[in-house]
Amino acid sequence: MSIFGRAEQFQRCWSELSDLDHYTITAREQSFKYLNAEYIPQRLSSKDMEHILKHNRDFIAMATQDLSSVYTEIGIPHLFMITDSNGTAIHLIGQAEIIDKACGNNVNMGTSFAFEYAGINGISLAMQLHSTVVVQGVQHTMRFFKDWNCICSPVRTIDEEIIGYIDLSFSTDVDVTFAVPLLKKMIEKLERKLKKSRESINKEAAYLLFKPYNLSNREREVAFGWLQNKSVLQMAHLMGITEGTVRNMLKKVYAKTGVRDKGQFFKKFLT
């Protein structure tokens, strides 16, 4: 029996196209210029992809490991797509025949699923709503997806920054009811692993990253504590200084390293 079944009663725990207002839907549809295209037109060059894959290597490795572990348990043809935060595909997992069919429509690493290039789809809607979404069959803009149900969820880091999306697609004759909780559970597991990975960054390696920015000893200590996701209060207690002093040091760290907030700081030193 497939892990995907049909539930007679199930409370919706996802967002749908109907959650967008009519004005936004109309504006998005008008911005899409490839309505009659046979395949998704936008795909990055190998050179551009090399940079994106390097930037997302830890995310890809962890996501691939988790998705591959449930791949054989899903008793129906399906496709997992992993994208970066801009909706660009960075890895595909699925049966060979499905991936071949996808590649025939230019769905592969480097393909952009943003609204302007792929219209309404699971990934573009998740990018708009920043939540788990379901797009079914004819709700898709491009003909290629109209035989698919797509479920997509954002993947967030410990500071709630979205670093990418994971989409699970399968035939429209399969109910989405149980697939949504499955994907959400996988996302939660992946986010915990990403958090643990970021918190375990080596102090010596971190200090080498800080070296070009001429941080003082105390500023390096605060910067490292920030990478470990310690609070201002925790660092003040550990360092024997006031919270105000820690905040002032953080401002100096941001200024010296050229970032404006915690999200930019993590992105600069944890990728």
Side-chain angles (χ1 to χ4, degrees), residues 13-20 24-25 27-29 31-35 37 39-44 48-49 52-53 55-56 59-60 62-64 66-67 74 78-94 98-99 101-157 161-172 174 176 179-180 182-184 186-188 190-191 194:
C13 59
W14 60 84
S15 300
E16 296 180 342
L17 187 61
S18 59
D19 293 320
L20 281 181
T24 301
I25 294 174
R28 289 299 185 185
E29 289 176 339
S31 70
F32 182 64
K33 302 177 181 179
Y34 306 98
L35 187 60
Y39 56 86
I40 298 179
Q42 181 67 15
R43 190 169 167 191
L44 295 181
D48 290 334
M49 276 306 297
I52 290 176
L53 292 175
H55 181 76
N56 292 279
F59 171 43
I60 295 171
M62 291 184 189
T64 300
D66 285 359
L67 297 177
I74 301 179
H78 65 281
L79 176 67
F80 280 114
M81 289 186 285
I82 306 170
T83 82
D84 69 357
S85 58
N86 296 314
T88 300
I90 52 181
H91 195 67
L92 275 64
I93 300 174
I98 294 180
I99 292 180
K101 182 179 179 182
C103 290
N105 288 271
N106 205 32
V107 174
N108 207 334
M109 289 169 54
T111 300
S112 174
F113 290 92
F115 268 115
E116 57 266 36
Y117 300 116
I120 294 169
N121 60 81
I123 297 165
S124 64
L125 188 61
M127 291 171 66
Q128 179 72 34
L129 296 177
H130 300 160
S131 64
T132 299
V133 303
V134 170
V135 179
Q136 302 189 59
V138 296
Q139 292 179 330
H140 292 90
T141 302
M142 300 200 73
R143 290 195 297 271
F144 169 68
F145 292 111
K146 291 189 184 293
D147 293 329
W148 290 80
N149 285 336
C150 297
I151 306 167
C152 186
S153 286
V155 180
R156 292 179 167 87
T157 59
E161 174 195 5
I162 294 176
I163 61 169
Y165 298 86
I166 294 180
D167 177 277
L168 170 59
S169 297
F170 45 85
S171 174
T172 52
V174 178
V176 302
V180 176
L182 171 71
L183 183 61
K184 293 182 77 169
M186 292 170 60
I187 296 292
E188 290 171 0
L190 175 58
E191 289 176 339
L194 287 166

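Computed from heavy atoms alone, side chains included, the values below leave out hydrogens, waters and symmetry copies.
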Return the minimal non-hydrogen interatomic distance between Y117 and S112, and the atom names on each side.
CD1-OG, 3.3 Å

Using the ring of each side chain (for Trp, its six-membered ring), is F80 parallel, tilted or perpendicular to H78, with breaks at 30° and 60°?
perpendicular

Measure from the side-chain N and O atoms of N56 to the backbone N and O of I90, and report whether any donor-acceptor pair falls under 3.5 Å.
no

What are the two closest heavy atoms between S15 and L129, and how far apart are they?
CB-CD1, 3.7 Å

Ignoring hydrogens and geometry, is there a side-chain-to-backbone donor-acceptor pair from D84 to N86 under 3.5 Å?
yes

Exam field: side chain S124 to backbone F115, donor-acceptor pair closer than 3.5 Å
no

Quick one: does any side-chain atom of N108 pair with a main-chain N or O of C103 as donor and acceptor, under 3.5 Å?
no

If you compare all heavy atoms of M109 against all heavy atoms of L92, which two are closest, and at what distance to 0.1 Å?
N-CD1, 4.3 Å

Apply side chain to side chain contact (heavy atoms under 4.5 Å, CB included) to the pair V133 and Q128, showing each step before the final yes or no.
CA-CA 10 Å; V133 303; Q128 179 72 34; over 6 Å; no

Please report the C-alpha distance between F59 and L190 in whole Å, then the side-chain angles of each, then the deciding distance to 0.1 Å, and finally whether the side chain to side chain contact (heavy atoms under 4.5 Å, CB included) criterion is met.
CA-CA 9 Å; F59 171 43; L190 175 58; 3.8 Å; yes

Ignoring hydrogens and angles, tell me if any N or O in the side chain of D167 forms a donor-acceptor pair with the backbone of C150 under 3.5 Å.
no

State the CD1-CZ distance between I151 and F170, to the nearest 0.5 angstrom.
4.0 Å

So does S153 get a backbone contact from the side chain of T132, meaning a donor-acceptor N/O pair under 3.5 Å?
no

Backbone of E16 reached by a side-chain donor or acceptor of D19 within 3.5 Å
yes

Please walk me through it: do I82 and L67 pass side chain to side chain contact (heavy atoms under 4.5 Å, CB included)?
CA-CA 10 Å; I82 306 170; L67 297 177; 3.8 Å; yes

To the nearest 0.5 Å, what is the distance between OG1 on T111 and CG on N106?
4.5 Å

Steps toward side chain to side chain contact (heavy atoms under 4.5 Å, CB included) verdict (T157, L194):
CA-CA 7 Å; T157 59; L194 287 166; 5.5 Å; no

